[in-house]
Structures are given as C-alpha cells and as structure tokens.
Amino acid sequence: MDALTADYLHKVIAERLEANLVQVQDMSGGCGLAFAVIIVSPIFQGKNKLMRHRLVNNALKQEMNSIHAFTQKVFTPEEWELQKVNYEN
Amino acid sequence: MFRATLSRSSLIRPFASTVRPANVAFARFISDDTKHAIETAIASAKVVLFMKGTPESPQCGFSRATIQTLGAQGVDPAKFAAYNVLEDEELRQGIKEYSSWPTIPQLYVDNEFIGGCDIITSMNQSGELTELLEQSEALVDFEAEETEPEAPKAAENIKPAKRS
C-alpha cells in the first residue's frame with residue numbers, strides 16, 4: 001500500500017463518518033505515518049469520547065494499520081460552533 | 001516520579017491449560033492465557049497504563065504526554081502501575097485486541113478502559129480526569145504528604161483527593 005496522504009484521509013473520513021468538516025494535518029513530514037485530524041460530524045451526537053473515538057478507529061481500521069501516530073479531535077456540529085474559535089490559526 | 005512497576009517479563013507467562021481451544025480458526029485472537037494475564041495486569045492497581053517505555057523513560061511522545069498528565073494530576077505512585085508493551089510482543093498485540101483499541105498508550109482506572117492519549121488529554125483539559133481520579137481515590141493526599149519534593153511543580157493542577 002502506498003503511503004497515505006492527507007488528501008486521501010480527508011476523503012475517506014468525510015465519506016465514512018458523514019463529516020461536515022474535516023481537517024487533516026500531516027505531521028510526518030511526508031512519509032504518511034503521522035496525522036492529526038479534526039472531525040465534525042452529527043454522528044457523534046449523544047456519544048461519549050470513548051464511543052466517538054471507537055467510531056473513528058473502526059471507520060479507519062485499514063488505514064490505522066499503516067499509520068504510526070494518529071491524533072483525533074472530534075466534535076458534533078453544535079460543539080464545533082462553540083469550540084472552533086480555539087482552532088483557528 | 002513513578003516507580004517502574006510490574007513491567008516484569010513474566011507478565012505473560014504460559015499457564016498449564018486444561019482446555020484446548022476447540023476451533024483453530026480462532027487462533028488469531030488472543031489466547032486465554034494472554035487474556036488472563038492482561039486482566040490480572042489491569043486489576044493490579046487502581047490506575048494502570050499500558051505504554052511504550054517506562055514512566056522514567058517513555059519511548060513515544062504519546063506515552064510521554066500521558067505519563068506527564070497523570071503526574072500533573074497527582075496520581076499516587078502506590079496506586080499506579082505501568083506496563084511496557086515494548087518488552088512483550090504478546091502484550092503489545094494482546095492489549096489492542098482486548099480493548100478493541102488500536103493504539104498505545106491505554107489507560108485503565110478501576111478495571112475500566114478510559115482511553116488513549118487524545119482522550120486523556122481532552123479529559124485533563126475539561127476537568128473530567130481530575131473528577132475520575134478523585135472518585136477513584138487514586139490521587140496523592142497532599143495535605144497528608146507535605147514533604148513530597150515534586151509536589152509544588154504541578155500544584156495548580158492538583159486537587160487533593162478527598163478522604164474525610
């Protein structure tokens with residue numbers, strides 16, 4: 001399998017997690033092993049952190065095998081409205 | 001800060017098994033022995049961390065960050081155990097299957113899986129981690145141990161565990 005790209009991850013996260021907003025940052029310097037992602041999706045509604053992260057982990061099961069470091073921050077659209085100010089550069 | 005506890009290589013040791021697995025198709029899943037050893041490890045302290053490296057010398061940024069968070073929270077070393085998955089390949093794979101969680105570190109409090117580094121970090125920021133550790137009475141009682149040399153460093157993050 002070729003090295004994962006941020007664009008590819010962005011695409012599959014948006015598809016598989018019905019995300020309204022996805023931000024993928026490649027932290028690996030190009031080798032495709034380390035990513036930090038922010039995911040905003042209504043499917044996280046009513047789920048605690050553990051359940052949300054499990055949703056993401058399961059949706060990206062295949063990809064996770066070839067990623068060494070993966071950081072995720074996940075929000076519902078409502079939470080994101082309140083939180084996004086903290087994530088704007 | 002923490003003692004390197006219980007990272008002995010005998011963690012996963014073969015037990016004399018009286019029952020053979022009936023179906024070899026399940027061979028890829030963790031063995032009963034491994035599962036039993038993991039359950040014993042998880043129950044060995046109130047706060048149990050499976051990590052890469054040791055608390056003194058973490059071998060991964062996520063394990064380092066998690067150890068630092070637990071230290072800043074004031075987790076009582078006497079109620080804490082860390083297991084180095086790099087010392088034991090069976091543990092490294094087994095713990096991922098056991099918890100259905102693909103990454104290390106993994107934190108357990110009172111036998112319950114809490115999460116990995118992202119979750120710990122976010123719970124630390126929101127105050128949920130302090131709440132959880134207080135409820136579990138896993139924090140150092142600083143009022144009783146004023147002589148703790150490292151206490152002042154993280155003092156502003158620490159609420160002493162309430163023990164009336």
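Computed over heavy atoms, backbone and side chain alike; hydrogens, waters and symmetry mates excluded. All chains are named by letter (A, B, ...) in the order of the sequence lines, taking the proteins before the strands, and each is independently numbered beginning at 1.
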Scored by heavy-atom pairs under 4.5 Å with chain B, the best of A:Arg54, A:Arg52, A:Met64, A:Gln72 is A:Arg54
Check your understanding: Got a sec: does the CD of A:Gln83 have more than 12 other heavy atoms crowding it under 6.0 Å?
Key -> yes
Taken to the nearest 0.5 Å, the spacing of A:Ile67 CD1 from B:Thr103 OG1 works out to 11.0 Å
In this structure, CG of A:Asn57 is separated from NZ of B:Lys96 (nearest 0.5 Å) by 11.5 Å
Assert top hit (heavy-atom pairs under 4.5 Å, partner chain A, pool B:Trp101, B:Phe62, B:Phe113) equals B:Trp101
One should read off an interatomic distance between A:Lys49 NZ and B:Ile114 CD1, to the nearest 0.5 angstrom, of 11.5 Å
Closest non-hydrogen contact found for A:Phe70 with B:Asp118 is O-OD2, 3.8 Å
Of the listed B:Gly115, B:Gly116, B:Pro102, the one with the largest count of heavy-atom pairs under 4.5 Å with chain A is B:Pro102
NZ (A:Lys73) with more than 12 external heavy atoms under 6.0 Å = no
Are more than 12 heavy atoms, taken from residues, nucleotides or ligands other than A:Lys47, located less than 6.0 Å from that residue's NZ atom?
yes
Applying a strict 4.5 Å limit to non-hydrogen atoms, the region of B:Thr121 in contact with chain A is neither
